[in-house]
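So that the names make sense, note that chain A is the first sequence line, chain B the second, and so on, each numbered from 1.
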There are 2 protein chains.
Amino acid sequence: MPRRVDHAERRTEIAEALVRVAGRRGLHAVGMRDVAAEAGVSLRLVQYYFETKEKLLLFGLEHLTGKFGERLSARMRAAGDAPGPRATVEALLTTALPTDEESRTFHHLYTSYAVLAVTDRTLAAQPFIRNPDAAEGAVTDILRQAQAAGLLQPGVDAQLAAAGLLAMSAGLGTSILVGQRTPESAAAVLDDHLNRVFRTVDTDG
Amino acid sequence: MPRRVDHAERRTEIAEALVRVAGRRGLHAVGMRDVAAEAGVSLRLVQYYFETKEKLLLFGLEHLTGKFGERLSARMRAAGDAPGPRATVEALLTTALPTDEESRTFHHLYTSYAVLAVTDRTLAAQPFIRNPDAAEGAVTDILRQAQAAGLLQPGVDAQLAAAGLLAMSAGLGTSILVGQRTPESAAAVLDDHLNRVFRTVDTDG
DNA sequence: AACATCATGATACGTTCGTACCACGAAACC
DNA sequence: GGTTTCGTGGTACGAACGTATCATGATGTT
(Lines give C-alpha, C1' and ligand atoms only; values in the text may rest on other atoms or scores of the structure.)
Protein backbone atom coordinates (compact mmCIF):
# COMPACT_ATOMS: atom_id res chain seq x y z
CA MET A 1 0.00 0.00 0.00
CA PRO A 2 1.04 3.59 -0.16
CA ARG A 3 2.01 5.25 3.05
CA ARG A 4 -0.85 4.93 5.47
CA VAL A 5 -2.45 8.30 5.79
CA ASP A 6 -4.25 9.77 8.76
CA HIS A 7 -7.87 9.57 7.72
CA ALA A 8 -9.17 11.77 10.49
CA GLU A 9 -6.73 14.51 9.63
CA ARG A 10 -7.52 14.27 5.96
CA ARG A 11 -11.22 14.42 6.59
CA THR A 12 -10.66 17.49 8.73
CA GLU A 13 -8.71 19.20 5.96
CA ILE A 14 -11.45 18.50 3.48
CA ALA A 15 -14.12 19.64 5.90
CA GLU A 16 -12.25 22.88 6.40
CA ALA A 17 -12.10 23.34 2.68
CA LEU A 18 -15.83 22.82 2.58
CA VAL A 19 -16.35 25.45 5.26
CA ARG A 20 -14.11 27.93 3.48
CA VAL A 21 -15.69 27.62 0.08
CA ALA A 22 -19.20 27.48 1.50
CA GLY A 23 -18.45 30.58 3.52
CA ARG A 24 -17.46 32.38 0.34
CA ARG A 25 -20.05 31.17 -2.13
CA GLY A 26 -22.84 29.91 0.09
CA LEU A 27 -23.61 26.39 1.17
CA HIS A 28 -26.19 25.97 -1.56
CA ALA A 29 -23.62 26.65 -4.25
CA VAL A 30 -20.89 24.28 -3.16
CA GLY A 31 -20.35 21.00 -4.96
CA MET A 32 -17.98 18.12 -4.47
CA ARG A 33 -15.70 19.48 -7.16
CA ASP A 34 -15.48 22.85 -5.46
CA VAL A 35 -14.50 21.26 -2.20
CA ALA A 36 -11.89 19.15 -3.93
CA ALA A 37 -10.40 22.15 -5.67
CA GLU A 38 -10.37 24.19 -2.48
CA ALA A 39 -8.66 21.37 -0.61
CA GLY A 40 -6.21 20.88 -3.45
CA VAL A 41 -7.14 17.25 -3.98
CA SER A 42 -8.93 15.36 -6.68
CA LEU A 43 -12.65 14.83 -6.76
CA ARG A 44 -12.03 11.16 -6.24
CA LEU A 45 -10.36 11.81 -2.92
CA VAL A 46 -13.32 13.69 -1.56
CA GLN A 47 -15.43 10.75 -2.59
CA TYR A 48 -12.95 8.41 -0.99
CA TYR A 49 -12.95 10.02 2.42
CA PHE A 50 -16.63 10.89 2.38
CA GLU A 51 -18.55 8.45 0.31
CA THR A 52 -21.47 10.72 -0.27
CA LYS A 53 -22.15 14.41 -0.28
CA GLU A 54 -24.60 14.09 2.56
CA LYS A 55 -21.92 12.59 4.76
CA LEU A 56 -19.54 15.35 3.82
CA LEU A 57 -22.08 17.98 4.75
CA LEU A 58 -22.84 16.26 8.03
CA PHE A 59 -19.18 16.08 8.93
CA GLY A 60 -18.73 19.67 7.87
CA LEU A 61 -21.43 20.67 10.31
CA GLU A 62 -19.77 18.71 13.11
CA HIS A 63 -16.47 20.33 12.34
CA LEU A 64 -18.03 23.77 12.21
CA THR A 65 -19.78 23.47 15.54
CA GLY A 66 -16.76 21.81 17.11
CA LYS A 67 -14.42 24.60 16.07
CA PHE A 68 -16.86 27.20 17.25
CA GLY A 69 -17.35 25.47 20.56
CA GLU A 70 -13.60 25.54 21.10
CA ARG A 71 -13.44 29.20 20.25
CA LEU A 72 -16.27 29.93 22.58
CA SER A 73 -14.90 28.03 25.54
CA ALA A 74 -11.50 29.57 24.95
CA ARG A 75 -13.00 33.03 25.19
CA MET A 76 -15.00 32.04 28.20
CA ARG A 77 -11.87 30.77 29.88
CA ALA A 78 -10.00 33.93 29.01
CA ALA A 79 -12.81 36.09 30.35
CA GLY A 80 -13.54 33.87 33.30
CA ASP A 81 -10.56 34.89 35.36
CA ALA A 82 -11.21 38.14 37.06
CA PRO A 83 -14.61 39.53 36.33
CA GLY A 84 -18.08 38.84 37.47
CA PRO A 85 -20.84 36.84 35.82
CA ARG A 86 -21.90 39.73 33.69
CA ALA A 87 -18.57 39.83 31.91
CA THR A 88 -18.78 36.10 31.40
CA VAL A 89 -22.20 36.28 29.84
CA GLU A 90 -21.21 39.25 27.77
CA ALA A 91 -18.14 37.43 26.49
CA LEU A 92 -20.24 34.44 25.60
CA LEU A 93 -22.80 36.47 23.73
CA THR A 94 -20.44 38.77 21.87
CA THR A 95 -18.39 35.77 20.82
CA ALA A 96 -21.53 34.48 19.20
CA LEU A 97 -21.90 37.67 17.16
CA PRO A 98 -20.49 37.66 13.63
CA THR A 99 -17.79 40.26 14.11
CA ASP A 100 -14.75 38.81 12.37
CA GLU A 101 -14.59 36.62 9.30
CA GLU A 102 -14.52 33.38 11.25
CA SER A 103 -17.65 34.08 13.24
CA ARG A 104 -19.34 35.49 10.16
CA THR A 105 -18.73 32.23 8.37
CA PHE A 106 -19.98 30.32 11.36
CA HIS A 107 -23.20 32.29 11.53
CA HIS A 108 -23.72 32.09 7.83
CA LEU A 109 -23.26 28.35 7.61
CA TYR A 110 -25.02 27.60 10.84
CA THR A 111 -28.06 29.43 9.57
CA SER A 112 -27.78 27.62 6.26
CA TYR A 113 -27.79 24.28 8.03
CA ALA A 114 -30.68 25.38 10.21
CA VAL A 115 -32.72 26.21 7.15
CA LEU A 116 -31.89 22.85 5.61
CA ALA A 117 -32.85 21.14 8.85
CA VAL A 118 -36.39 22.42 8.44
CA THR A 119 -36.93 20.04 5.55
CA ASP A 120 -34.22 17.42 6.15
CA ARG A 121 -34.90 15.04 9.00
CA THR A 122 -31.34 13.75 9.08
CA LEU A 123 -30.09 17.27 9.72
CA ALA A 124 -32.92 17.98 12.12
CA ALA A 125 -31.79 15.02 14.22
CA GLN A 126 -28.27 16.37 14.37
CA PRO A 127 -27.03 17.54 17.77
CA PHE A 128 -26.34 21.06 16.58
CA ILE A 129 -30.02 21.59 16.98
CA ARG A 130 -29.75 20.52 20.58
CA ASN A 131 -26.56 22.39 21.41
CA PRO A 132 -28.21 25.76 21.92
CA ASP A 133 -30.12 24.12 24.73
CA ALA A 134 -26.79 23.40 26.35
CA ALA A 135 -25.77 27.02 25.93
CA GLU A 136 -29.06 28.06 27.41
CA GLY A 137 -28.43 25.82 30.40
CA ALA A 138 -25.00 27.32 30.90
CA VAL A 139 -26.27 30.88 30.79
CA THR A 140 -29.13 29.97 33.09
CA ASP A 141 -26.68 28.58 35.62
CA ILE A 142 -24.55 31.69 35.54
CA LEU A 143 -27.60 33.87 35.97
CA ARG A 144 -28.81 31.75 38.89
CA GLN A 145 -25.48 32.10 40.63
CA ALA A 146 -25.47 35.81 39.98
CA GLN A 147 -28.98 36.00 41.33
CA ALA A 148 -27.96 34.17 44.50
CA ALA A 149 -25.17 36.71 44.89
CA GLY A 150 -27.68 39.52 44.53
CA LEU A 151 -26.23 40.77 41.27
CA LEU A 152 -29.43 40.66 39.23
CA GLN A 153 -32.25 43.08 38.99
CA PRO A 154 -35.20 42.12 41.14
CA GLY A 155 -37.86 39.94 39.59
CA VAL A 156 -35.65 38.36 36.95
CA ASP A 157 -36.44 34.78 36.00
CA ALA A 158 -33.04 33.27 35.24
CA GLN A 159 -34.25 30.73 32.71
CA LEU A 160 -36.47 33.10 30.79
CA ALA A 161 -33.79 35.76 30.83
CA ALA A 162 -31.19 33.31 29.54
CA ALA A 163 -33.44 32.19 26.72
CA GLY A 164 -34.17 35.78 25.85
CA LEU A 165 -30.53 36.74 25.84
CA LEU A 166 -29.56 33.92 23.52
CA ALA A 167 -32.44 34.55 21.19
CA MET A 168 -31.60 38.23 21.03
CA SER A 169 -27.99 37.43 20.37
CA ALA A 170 -28.91 35.08 17.55
CA GLY A 171 -31.26 37.63 16.05
CA LEU A 172 -28.66 40.36 16.23
CA GLY A 173 -26.19 38.00 14.61
CA THR A 174 -28.45 37.54 11.62
CA SER A 175 -28.95 41.29 11.37
CA ILE A 176 -25.22 41.81 11.24
CA LEU A 177 -24.81 39.06 8.72
CA VAL A 178 -27.19 40.57 6.21
CA GLY A 179 -25.79 44.04 6.73
CA GLN A 180 -28.76 45.52 8.56
CA ARG A 181 -26.71 46.37 11.58
CA THR A 182 -23.11 46.97 12.53
CA PRO A 183 -21.42 44.79 15.14
CA GLU A 184 -21.03 47.88 17.31
CA SER A 185 -24.70 48.73 17.36
CA ALA A 186 -25.55 45.11 18.04
CA ALA A 187 -23.19 45.12 20.98
CA ALA A 188 -24.85 48.28 22.22
CA VAL A 189 -28.28 46.66 22.07
CA LEU A 190 -26.98 43.65 23.92
CA ASP A 191 -25.28 45.79 26.54
CA ASP A 192 -28.43 47.79 27.08
CA HIS A 193 -30.39 44.64 27.60
CA LEU A 194 -27.82 43.27 30.04
CA ASN A 195 -28.26 46.44 32.04
CA ARG A 196 -31.87 45.47 32.43
CA VAL A 197 -30.98 42.01 33.67
CA PHE A 198 -27.92 42.71 35.79
CA ARG A 199 -27.89 45.21 38.55
CA THR A 200 -25.90 48.19 37.34
CA VAL A 201 -22.42 48.08 38.77
CA ASP A 202 -21.60 51.13 40.82
CA THR A 203 -18.10 51.81 39.61
CA ASP A 204 -17.74 54.75 41.95
CA GLY A 205 -18.12 52.55 45.02
CA MET B 1 -54.36 36.87 -29.95
CA PRO B 2 -55.99 34.68 -27.39
CA ARG B 3 -58.04 36.35 -24.74
CA ARG B 4 -55.88 38.88 -22.96
CA VAL B 5 -55.00 37.50 -19.60
CA ASP B 6 -54.24 39.40 -16.42
CA HIS B 7 -50.51 39.13 -16.14
CA ALA B 8 -50.30 40.44 -12.61
CA GLU B 9 -52.83 37.93 -11.40
CA ARG B 10 -51.12 35.07 -13.19
CA ARG B 11 -47.78 36.04 -11.78
CA THR B 12 -49.30 36.13 -8.32
CA GLU B 13 -50.71 32.64 -8.74
CA ILE B 14 -47.36 31.30 -9.82
CA ALA B 15 -45.59 33.10 -7.01
CA GLU B 16 -47.97 31.56 -4.53
CA ALA B 17 -47.26 28.16 -5.99
CA LEU B 18 -43.57 28.88 -5.50
CA VAL B 19 -44.14 29.82 -1.88
CA ARG B 20 -46.20 26.70 -1.25
CA VAL B 21 -43.78 24.24 -2.75
CA ALA B 22 -40.76 26.00 -1.27
CA GLY B 23 -42.41 25.95 2.12
CA ARG B 24 -42.86 22.20 1.83
CA ARG B 25 -39.58 21.12 0.29
CA GLY B 26 -37.26 24.02 1.01
CA LEU B 27 -36.30 26.89 -1.24
CA HIS B 28 -33.10 25.17 -2.25
CA ALA B 29 -34.99 22.20 -3.64
CA VAL B 30 -37.52 24.00 -5.78
CA GLY B 31 -37.12 24.14 -9.54
CA MET B 32 -39.08 25.73 -12.31
CA ARG B 33 -40.78 22.43 -13.05
CA ASP B 34 -41.91 22.06 -9.46
CA VAL B 35 -43.42 25.51 -9.47
CA ALA B 36 -45.17 24.80 -12.75
CA ALA B 37 -46.62 21.55 -11.46
CA GLU B 38 -47.75 23.17 -8.22
CA ALA B 39 -49.42 25.99 -10.10
CA GLY B 40 -51.00 23.52 -12.51
CA VAL B 41 -49.46 25.11 -15.56
CA SER B 42 -46.79 24.11 -18.02
CA LEU B 43 -43.13 24.81 -17.55
CA ARG B 44 -43.32 27.08 -20.53
CA LEU B 45 -45.83 29.33 -18.82
CA VAL B 46 -43.62 29.87 -15.83
CA GLN B 47 -40.90 30.85 -18.25
CA TYR B 48 -43.30 33.09 -20.07
CA TYR B 49 -44.42 35.11 -17.06
CA PHE B 50 -41.02 35.11 -15.40
CA GLU B 51 -38.30 34.94 -17.97
CA THR B 52 -35.70 33.64 -15.61
CA LYS B 53 -35.59 31.78 -12.35
CA GLU B 54 -33.91 34.67 -10.61
CA LYS B 55 -36.81 36.95 -11.48
CA LEU B 56 -39.26 34.36 -10.23
CA LEU B 57 -37.42 34.12 -6.93
CA LEU B 58 -37.29 37.87 -6.59
CA PHE B 59 -40.97 38.22 -7.24
CA GLY B 60 -41.67 35.38 -4.85
CA LEU B 61 -39.84 37.28 -2.16
CA GLU B 62 -41.82 40.42 -2.87
CA HIS B 63 -45.03 38.48 -2.72
CA LEU B 64 -44.01 36.79 0.51
CA THR B 65 -43.11 39.98 2.30
CA GLY B 66 -46.16 41.73 0.89
CA LYS B 67 -48.54 39.09 2.16
CA PHE B 68 -46.87 39.06 5.53
CA GLY B 69 -46.97 42.82 5.77
CA GLU B 70 -50.70 42.73 5.16
CA ARG B 71 -51.17 40.06 7.78
CA LEU B 72 -49.12 42.06 10.22
CA SER B 73 -50.89 45.34 9.71
CA ALA B 74 -54.23 43.57 9.88
CA ARG B 75 -53.34 42.17 13.27
CA MET B 76 -52.02 45.51 14.38
CA ARG B 77 -55.25 47.16 13.36
CA ALA B 78 -57.27 44.50 15.15
CA ALA B 79 -55.22 44.91 18.29
CA GLY B 80 -54.94 48.66 18.00
CA ASP B 81 -58.46 49.42 19.12
CA ALA B 82 -58.68 49.27 22.85
CA PRO B 83 -55.46 48.41 24.51
CA GLY B 84 -52.25 50.20 25.29
CA PRO B 85 -48.94 50.26 23.52
CA ARG B 86 -47.80 47.08 25.19
CA ALA B 87 -50.58 45.08 23.61
CA THR B 88 -49.74 46.63 20.27
CA VAL B 89 -46.08 45.71 20.51
CA GLU B 90 -46.94 42.26 21.76
CA ALA B 91 -49.32 41.70 18.88
CA LEU B 92 -46.68 42.81 16.44
CA LEU B 93 -44.05 40.52 17.87
CA THR B 94 -46.17 37.44 18.34
CA THR B 95 -47.46 37.83 14.81
CA ALA B 96 -43.86 37.56 13.72
CA LEU B 97 -43.47 34.24 15.51
CA PRO B 98 -43.96 31.07 13.45
CA THR B 99 -47.03 29.75 15.18
CA ASP B 100 -49.31 28.61 12.39
CA GLU B 101 -48.38 27.15 9.03
CA GLU B 102 -48.49 30.47 7.23
CA SER B 103 -46.07 32.20 9.54
CA ARG B 104 -43.90 29.11 9.68
CA THR B 105 -43.57 29.22 5.92
CA PHE B 106 -42.86 32.91 6.06
CA HIS B 107 -40.09 32.48 8.60
CA HIS B 108 -38.65 29.52 6.77
CA LEU B 109 -38.49 31.24 3.43
CA TYR B 110 -37.52 34.61 4.78
CA THR B 111 -34.53 33.01 6.47
CA SER B 112 -33.73 31.12 3.29
CA TYR B 113 -33.70 34.35 1.34
CA ALA B 114 -31.61 36.03 4.02
CA VAL B 115 -29.01 33.29 3.74
CA LEU B 116 -28.97 33.65 -0.01
CA ALA B 117 -28.61 37.39 0.36
CA VAL B 118 -25.29 36.89 2.10
CA THR B 119 -23.72 35.77 -1.16
CA ASP B 120 -26.08 37.29 -3.72
CA ARG B 121 -25.81 41.02 -4.16
CA THR B 122 -29.05 41.26 -6.09
CA LEU B 123 -30.91 39.77 -3.16
CA ALA B 124 -28.90 41.81 -0.70
CA ALA B 125 -30.06 44.98 -2.44
CA GLN B 126 -33.70 43.89 -2.12
CA PRO B 127 -35.89 45.99 0.16
CA PHE B 128 -36.76 43.04 2.39
CA ILE B 129 -33.42 43.65 3.94
CA ARG B 130 -34.44 47.20 4.70
CA ASN B 131 -37.95 46.46 5.88
CA PRO B 132 -36.93 45.38 9.36
CA ASP B 133 -35.55 48.85 9.79
CA ALA B 134 -39.03 50.14 9.14
CA ALA B 135 -40.42 47.74 11.73
CA GLU B 136 -37.78 48.93 14.12
CA GLY B 137 -38.79 52.50 13.53
CA ALA B 138 -42.41 51.68 14.18
CA VAL B 139 -41.66 49.90 17.44
CA THR B 140 -39.36 52.70 18.48
CA ASP B 141 -42.15 55.20 17.93
CA ILE B 142 -44.61 53.22 19.98
CA LEU B 143 -42.09 52.88 22.78
CA ARG B 144 -41.35 56.60 22.69
CA GLN B 145 -45.03 57.42 22.99
CA ALA B 146 -45.38 54.94 25.82
CA GLN B 147 -42.38 56.49 27.48
CA ALA B 148 -43.87 59.95 27.21
CA ALA B 149 -46.99 58.56 28.86
CA GLY B 150 -44.90 57.16 31.67
CA LEU B 151 -45.67 53.56 30.78
CA LEU B 152 -42.09 52.35 30.50
CA GLN B 153 -39.65 51.26 33.12
CA PRO B 154 -37.21 54.01 34.06
CA GLY B 155 -33.97 54.18 32.14
CA VAL B 156 -35.24 52.50 29.01
CA ASP B 157 -33.75 53.67 25.71
CA ALA B 158 -36.60 53.32 23.23
CA GLN B 159 -34.47 52.71 20.19
CA LEU B 160 -32.19 50.16 21.81
CA ALA B 161 -35.15 48.44 23.41
CA ALA B 162 -36.97 48.25 20.08
CA ALA B 163 -33.97 46.78 18.34
CA GLY B 164 -33.56 44.26 21.13
CA LEU B 165 -37.19 43.25 21.02
CA LEU B 166 -37.15 42.64 17.31
CA ALA B 167 -33.89 40.74 17.42
CA MET B 168 -35.20 38.57 20.24
CA SER B 169 -38.39 37.94 18.36
CA ALA B 170 -36.47 36.91 15.27
CA GLY B 171 -34.19 34.64 17.25
CA LEU B 172 -37.12 33.01 18.98
CA GLY B 173 -38.76 32.52 15.63
CA THR B 174 -35.80 30.56 14.36
CA SER B 175 -35.78 28.47 17.51
CA ILE B 176 -39.40 27.56 16.98
CA LEU B 177 -38.79 26.82 13.35
CA VAL B 178 -36.09 24.23 14.00
CA GLY B 179 -38.04 22.68 16.83
CA GLN B 180 -35.87 23.88 19.68
CA ARG B 181 -38.70 25.70 21.33
CA THR B 182 -42.47 25.66 21.40
CA PRO B 183 -44.42 28.76 20.43
CA GLU B 184 -45.75 28.92 23.97
CA SER B 185 -42.36 29.05 25.61
CA ALA B 186 -41.22 31.63 23.09
CA ALA B 187 -44.20 33.77 23.93
CA ALA B 188 -43.35 33.39 27.62
CA VAL B 189 -39.80 34.59 27.01
CA LEU B 190 -41.09 37.54 25.05
CA ASP B 191 -43.65 38.38 27.69
CA ASP B 192 -41.05 38.25 30.42
CA HIS B 193 -38.86 40.61 28.48
CA LEU B 194 -41.72 43.01 27.87
CA ASN B 195 -42.23 43.10 31.61
CA ARG B 196 -38.74 44.43 31.87
CA VAL B 197 -39.41 47.17 29.35
CA PHE B 198 -42.95 48.16 30.19
CA ARG B 199 -44.01 49.18 33.62
CA THR B 200 -46.01 46.32 35.08
CA VAL B 201 -49.69 47.11 34.90
CA ASP B 202 -51.31 47.11 38.29
CA THR B 203 -54.45 45.20 37.52
CA ASP B 204 -55.68 45.60 41.06
CA GLY B 205 -55.69 49.39 40.88
C1' DA C 1 9.87 -11.98 -3.55
C1' DA C 2 4.94 -12.36 -4.04
C1' DC C 3 0.69 -10.79 -2.96
C1' DA C 4 -2.94 -8.32 -0.93
C1' DT C 5 -4.45 -3.82 0.19
C1' DC C 6 -4.57 1.14 0.62
C1' DA C 7 -4.52 5.59 -1.68
C1' DT C 8 -5.14 8.11 -5.69
C1' DG C 9 -6.10 9.36 -10.57
C1' DA C 10 -8.88 9.76 -14.69
C1' DT C 11 -13.02 9.44 -16.65
C1' DA C 12 -17.62 7.89 -17.78
C1' DC C 13 -22.72 7.70 -16.74
C1' DG C 14 -27.26 9.03 -15.77
C1' DT C 15 -30.03 12.66 -14.07
C1' DT C 16 -31.67 17.11 -13.36
C1' DC C 17 -31.85 21.83 -14.14
C1' DG C 18 -32.42 26.31 -16.41
C1' DT C 19 -33.04 27.98 -20.73
C1' DA C 20 -33.95 28.14 -25.72
C1' DC C 21 -36.31 26.87 -29.79
C1' DC C 22 -40.13 25.69 -32.71
C1' DA C 23 -44.95 25.40 -33.49
C1' DC C 24 -49.73 26.75 -33.47
C1' DG C 25 -54.35 28.49 -32.23
C1' DA C 26 -56.90 32.45 -31.15
C1' DA C 27 -58.21 37.05 -30.90
C1' DA C 28 -57.43 42.10 -31.74
C1' DC C 29 -56.53 45.63 -35.23
C1' DC C 30 -56.41 47.93 -39.79
C1' DG D 1 -60.42 39.40 -43.82
C1' DG D 2 -55.87 39.21 -43.58
C1' DT D 3 -52.13 39.85 -40.59
C1' DT D 4 -49.91 40.67 -36.64
C1' DT D 5 -49.39 39.73 -31.92
C1' DC D 6 -50.35 37.20 -27.50
C1' DG D 7 -50.67 32.98 -24.97
C1' DT D 8 -49.59 28.24 -24.63
C1' DG D 9 -47.60 23.68 -25.52
C1' DG D 10 -43.95 20.43 -26.42
C1' DT D 11 -39.41 19.45 -26.57
C1' DA D 12 -34.53 19.80 -27.17
C1' DC D 13 -29.95 21.36 -25.63
C1' DG D 14 -25.90 22.20 -22.96
C1' DA D 15 -24.08 22.35 -18.54
C1' DA D 16 -23.35 20.80 -13.93
C1' DC D 17 -23.76 17.60 -10.44
C1' DG D 18 -23.34 13.36 -7.62
C1' DT D 19 -21.88 8.95 -8.17
C1' DA D 20 -19.80 4.80 -10.13
C1' DT D 21 -16.14 2.37 -12.69
C1' DC D 22 -11.74 1.19 -14.18
C1' DA D 23 -6.93 1.57 -13.59
C1' DT D 24 -2.47 1.87 -11.21
C1' DG D 25 1.35 2.94 -8.23
C1' DA D 26 2.98 2.45 -3.69
C1' DT D 27 3.52 -0.07 0.52
C1' DG D 28 2.75 -3.25 4.21
C1' DT D 29 2.61 -8.28 5.20
C1' DT D 30 4.14 -13.11 4.80
Open item on the list: Can you measure B:Glu54 atom CD to C:dT19 atom C1' for me and round it to whole angstrom units?
Closed with: 14 Å
Task: Nearest-Å distance for atom pair CG/P, residues A:Asp6 and C:dC6 - done: 16 Å
Open item on the list: Side-chain N or O of B:His7 versus OP1/OP2 of D:dG7: is the shortest distance under 4.0 Å?
Closed with: yes
Open item on the list: Could you report the tightest heavy-atom contact between A:Met168 and B:Gly164, atom names first, then the distance?
Closed with: CE-O, 3.4 Å
Open item on the list: Using every non-hydrogen atom in the two residues, find where B:Arg144 and B:Ala158 come nearest and quote the distance to one decimal.
Closed with: CG-CB, 3.7 Å
Tabulate atom names and distances for all N/O pairs under 3.5 angstrom spanning the protein and nucleotides 9-12 of chain C.
residue	atom	partner	partner atom	Å
C:dG9	OP2	A:Ser42	OG	2.8
C:dG9	O6	A:Arg44	NE	3.2

Open item on the list: Is it the case that the side chain of A:Thr174 and the backbone of A:Ala170 share a donor-acceptor pair, with hydrogens and angles ignored and the cut-off at 3.5 Å?
Closed with: yes
Task: Value in whole Å for how far the P atom of C:dA7 lies from CD of A:Glu9 - done: 13 Å
Open item on the list: By the definition salt bridge (charged side-chain N to carboxylate O under 4.0 Å, His left out), identify the one residue from B:Arg24, B:Arg20, B:Arg25 that meets it with B:Asp34.
Closed with: B:Arg25
Task: Whole angstrom value for the distance that separates C1' of D:dC22 from OH of A:Tyr48 - done: 16 Å
TODO: Classify the ring geometry between B:Phe50 and B:Phe59 as parallel (under 30°), tilted (30 to 60°) or perpendicular (over 60°).
DONE: tilted
Task: Atom-to-atom span, CG of B:Leu57 to P of C:dC17 - whole angstrom - done: 14 Å
Open item on the list: Quick test of your reading of the model: are B:Asp191 and B:Arg86 salt-bridged, counting only N-O distances below 4.0 Å?
Closed with: yes
Open item on the list: Does D:dG18 have its OP1 or OP2 closer than 4.0 Å to a side-chain nitrogen or oxygen of A:Thr52?
Closed with: no
- [ ] Using whole Å, report how far CG of A:Asp34 lies from C1' of D:dA16.
- [x] 10 Å
Task: A:Tyr49, nearest nucleotide to its side chain (from D:dT19, C:dA7, D:dG7) - done: C:dA7
TODO: Check the distance between D:dT8's P and B:Glu51's CD and give it to me in whole angstrom.
DONE: 15 Å
Open item on the list: Give me the atom names and distance for the closest heavy-atom approach of A:Ala114 to B:Val178.
Closed with: O-CG1, 3.8 Å
Open item on the list: I need the CZ-P distance between B:Phe50 and C:dC17, as an integer number of Å.
Closed with: 19 Å
